[in-house]
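Heads up, the thing below is written out as structure tokens.
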Protein chains: 2
Amino acid sequence: MAGIKEVAEEAGVSTATVSRALRGLQHVNDATRSKIIAAAEKLDYPLTPVRSNAAQGRTNSVGVVAPYISRWYFSQVINGAEQALREAGLDLLLYNFSAMKGRERLFQHQLLKGRVDALIVISLPPTEEEFNSMLSLGIPIALVGMEHPECASIKIDDVGGARTATQHLVNQGHKKIGLMSGRPDDPFNFSVPQDRRKGFMSVLAENGLEWLPSREVHGDFTMHTASRAMDDLLARPDRPTAIFCESDEMAMGAMQALRRHGLKTPEDISIVGFDGHEMAEFSELTTIEQPVQLMGEMAAWSIMERLRKPNVIAPSLVLPTTLVVRNTTRRLTVAEQGL
Amino acid sequence: MAGIKEVAEEAGVSTATVSRALRGLQHVNDATRSKIIAAAEKLDYPLTPVRSNAAQGRTNSVGVVAPYISRWYFSQVINGAEQALREAGLDLLLYNFSAMKGRERLFQHQLLKGRVDALIVISLPPTEEEFNSMLSLGIPIALVGMEHPECASIKIDDVGGARTATQHLVNQGHKKIGLMSGRPDDPFNFSVPQDRRKGFMSVLAENGLEWLPSREVHGDFTMHTASRAMDDLLARPDRPTAIFCESDEMAMGAMQALRRHGLKTPEDISIVGFDGHEMAEFSELTTIEQPVQLMGEMAAWSIMERLRKPNVIAPSLVLPTTLVVRNTTRRLTVAEQGL
DNA sequence: GTGAAAGCGCTAACAG
DNA sequence: CTGTTAGCGCTTTCAC
């Protein structure tokens with residue numbers, strides 16, 4: 001493997017000049033630069049060297065930390081981040097932290113330490129202690145789907161999105177509205193389920209609609225549990241005419257359960273989801289879309305900006321969500337509303 | 001940030017000894033080692049340093065290259081690889097190569113060069129030229145879902161899996177069997193669609209079943225196109241009684257189309273998928289499961305083995321698939337078979 | 001067992 | 001503009 005030295009020799013210059021030329025720095029004669037680039041290409045030397053980070057104290061890579069990497073939401077965000085980082089010539093180091101348990105999690109910063117120039121943390125609800133551990137790394141951190149006073153953050157307005165979804169149902173004349181929410185005993189203390197639930201409840205209250213605890217069931221944001229939870233709900237008396245599901249996957253699960261029970265959507269029960277999962281489009285699911293990929297990209301841009309100017313304070317961005325009305329919700333007839 | 005020097009000072013030894021002790025090398029007094037570890041922990045120094053790769057010519061990280069990173073199959077494989085690599089203390093660098101076009105793809109090896117110790121390439125059908133470019137990096141390469149004489153490879157028997165799926169249909173008395181296959185003009189020249197198609201055809205032939213080209217439609221392995229393709233198929237005369245779909249996502253799309261047309265599965269048409277997507281379980285889809293995560297893990301193990309002993313030749317592994325019978329296939333009655 | 005010293009491949013500071 | 005000279009933080013001889 002050719003090194004900078006060989007290139008320097010081949011081009012008849014010093015290694016320092018090669019370094020400067022290849023990194024596009026100023027104060028290099030165009031002719032010299034051309035000569036060097038030619039030599040580098042001839043010797044198959046990377047245009048943008050990374051072999052030794054010792055000299056500049058940078059790794060040219062950013063860590064992406066997430067509790068899952070194969071679930072829809074996370075893989076989308078990662079995908080967005082990857083693209084933005086690659087364009088900027090930064091590498092993406094993947095860290096799945098859910099797989100780690102107990103003691104290992106405590107040593108997160110040991111894993112990260114010195115390996116990355118910055119961190120993108122996706123919906124990983126860390127303890128305050130873990131957070132401090134990350135902050136103590138002294139590198140820029142961007143949070144996706146969370147907030148913290150000392151970090152940049154990219155998120156959506158979960159409360160607002162849930163409000164829009166619920167209001168949509170109310171506008172269609174629904175009065176008995178059910179809720180498929182995240183588990184109250186969620187192992188991670190995501191704020192997402194709480195926020196979406198809060199938005200839901202507030203709209204109900206504002207419209208003077210009665211809330212019955214028997215209209216709520218819980219899932220863990222997967223189709224499977226949602227489907228089972230729906231069985232539960234359907235077995236109860238005074239069935240809702242519409243249900244807000246806190247995620248598209250849970251909505252899909254709910255719909256599957258309805259089918260199993262011989263019920264139709266939206267004829268028998270209207271369903272609204274939340275996320276904008278690709279499956280939603282295909283299943284004609286009415287849902288609240290969030291710009292998942294974009295969140296990853298923006299997180300990447302955010303840290304790259306801070307890498308450039310370490311002093312600017314980290315912005316906290318709230319991205320918009322969109323109500324996409326498809327075919328799983330319908331307006332109740334006046335007669336039905338009277339029931 | 002504490003460096004090896006500080007630790008050495010704190011422990012009252014030389015940097016060389018610290019280096020040896022922390023990496024678990026021999027010829028270090030146990031007492032000294034303890035002292036050093038204590039010092040390192042006190043100063044919050046990474047147990048396993050990576051700051052400077054210059055001295056050892058290693059990066060301690062492996063690249064994972066894939067055409068998509070958010071699709072189910074790929075994210076599962078990546079997930080498996082991540083876990084195995086992390087356990088071994090190796091970092092995972094993510095490279096999404098589908099996003100790159102034209103000239104950039106040619107320079108793949110420039111991106112990779114010197115940044116990774118090894119490569120895991122997932123179902124990325126490269127041109128021979130691109131392959132050579134990767135091989136010329138001179139690092140261990142493990143292929144997932146592909147084969148090449150000079151690389152380790154982990155794959156499943158796609159032909160065999162498709163045969164099992166098709167045979168299952170035949171055993172149930174189906175004679176008019178349709179096929180939902182990948183696009184013949186696939187942008188990537190995956191061997192997967194070809195292999196699965198081949199398996200399908202061979203079973204039909206062996207059982208003396210007539211094959212009508214009108215019974216085949218194409219999708220691009222997504223639900224969306226599969227659903228549309230199914231519309232097509234259903235509009236044709238002499239409808240099949242069963243369909244083998246080359247992927248679970250396409251099977252889901254097909255089933256959605258059937259529902260739209262008021263048809264039921266398996267009463268009206270039986271469906272078999274391929275993959276073992278989590279959705280499949282939830283939708284009661286009969287399918288061929290492949291061990292996706294495991295493939296990622298094994299790819300990681302394979303390269304780690306070769307990193308240790310560079311001379312052993314790369315093995316080519318074929319992992320087993322399993323037919324999982326659920327509720328989208330049924331046995332035809334004798335009367336139905338006679339039709 | 002341990003330390004001193006010489007690199008690893010590259011960048012940065014300073015001359016010229 | 002370019003070369004020289006120090007490092008960067010760590011590993012690896014090679015003595016002791």
Side-chain angles (χ1 to χ4, degrees), chain A residues 1-37 39-40 43-61 89 91 110 112-117 137-139 307, chain B residues 1-37 39-40 43-61 89 91 110 112-117 137-138:
Chain A
M1 276 218 194
I4 202 176
K5 226 178 306 193
E6 283 75 28
V7 178
E9 196 174 345
E10 173 77 23
V13 296
S14 75
T15 59
T17 308
V18 173
S19 174
R20 278 190 290 254
L22 257 25
R23 285 181 306 151
L25 298 190
Q26 306 171 323
H27 307 298
V28 181
N29 188 342
D30 276 355
T32 315
R33 194 190 297 272
S34 310
K35 220 170 22 181
I36 292 173
I37 291 182
L43 296 180
D44 199 45
Y45 179 83
L47 296 328
T48 163
V50 256
R51 297 267 197 81
S52 181
N53 49 26
Q56 72 182 356
R58 283 155 147 283
T59 62
N60 269 312
S61 51
D91 274 332
Q110 296 290 22
L112 266 11
K113 184 147 221 189
R115 308 200 134 190
V116 296
D117 294 341
L137 290 171
I139 56 178
L307 243 21
Chain B
M1 275 218 194
I4 200 175
K5 225 176 313 195
E6 283 75 29
V7 178
E9 196 175 345
E10 172 78 24
V13 295
S14 77
T15 59
T17 308
V18 173
S19 174
R20 277 190 290 254
L22 257 25
R23 286 181 307 150
L25 298 190
Q26 305 172 325
H27 305 298
V28 181
N29 189 341
D30 276 354
T32 315
R33 195 190 298 272
S34 311
K35 220 170 21 180
I36 292 174
I37 291 182
L43 296 181
D44 197 45
Y45 178 84
L47 296 329
T48 162
V50 256
R51 299 266 196 83
S52 182
N53 50 27
Q56 73 181 353
R58 283 155 147 282
T59 62
N60 270 311
S61 51
D91 274 331
Q110 295 291 21
L112 266 12
K113 184 146 220 190
R115 308 201 133 191
V116 296
D117 294 342
L137 289 171

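Numbers restart at 1 for each chain; the letters A, B, ... are given by sequence-line order, proteins then strands. Computed over heavy atoms, backbone and side chain alike; hydrogens, waters and symmetry mates excluded.
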Whole angstroms only, please: what is the [atom1]-[atom2] distance between [X] and [N]?
X	N	atom1	atom2	value
B/Arg20	C/dT2	CZ	C1'	6 Å
B/Leu25	C/dG1	CG	C1'	13 Å
B/Lys5	D/dT11	NZ	C1'	14 Å
B/Lys113	C/dG9	NZ	C1'	14 Å
A/Asn29	D/dG3	CG	P	11 Å
B/Glu9	D/dG9	CD	C1'	15 Å
A/Asn60	C/dG9	CG	C1'	15 Å
B/Leu47	D/dC10	CG	P	13 Å

Quick check for you: among [options], whose closest atom lies nearest to any side-chain atom of [X]?
X	options	result
B/Thr32	C/dG1, C/dG9, D/dT12	C/dG1
B/Ile4	C/dG3, D/dT4, D/dC10	D/dC10
A/Thr17	D/dT12, D/dT2, C/dA12	D/dT2

Result of checking B/Asp91, B/Asp117, B/Asn53 against B/Thr59 for side-chain hydrogen bond (donor to acceptor under 3.5 Å, both in side chains):
B/Asp117
Counting neighbours of CD on A/Glu9 that are heavy atoms of other residues, nucleotides or ligands and sit closer than 6.0 Å, is the number greater than 12?
no
Check this one for me: any side-chain N or O of B/Thr15 less than 4.0 Å away from OP1 or OP2 of D/dG9?
no
Does A/Ser14 have a side-chain nitrogen or oxygen under 4.0 Å from the phosphate oxygens OP1 or OP2 of D/dT2?
no
On DNA chain C, nearest-nucleotide positions of A/Asn53 versus B/His27: which is more 5'?
B/His27
Smallest separation among heavy atoms of B/Leu22 and B/Tyr45, with atom names:
CD2-CE2, 3.6 Å
How close do B/Ala8 and B/Ser14 get, counting heavy atoms only, and between which atoms?
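Closest approach of B/Ala8 to B/Ser14, heavy atoms only: CB-C, 3.7 Å.
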How is [X] classified with respect to the nucleic acid when contacts are heavy atoms under 4.0 Å: base, sugar-phosphate, or nothing?
X	answer
A/Arg23	sugar-phosphate
B/Val18	nothing
A/Gly3	sugar-phosphate

State, with a plain yes or no, whether a side-chain heavy atom of A/Thr17 is found less than 4.5 Å away from one of A/Arg20.
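Yes, side chains in contact.
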Could you pick out which residue, A/Gln56 or B/Ser19, lies toward the 5' side of DNA chain D when each is mapped onto its nearest nucleotide?
A/Gln56
Is there a donor N/O on one and an acceptor N/O on the other, under 3.5 Å, for the side chain of B/Arg33 and the base of C/dG1?
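Looking at the base of C/dG1, it does not pair with any donor or acceptor on the side chain of B/Arg33 (distance under 3.5 Å).
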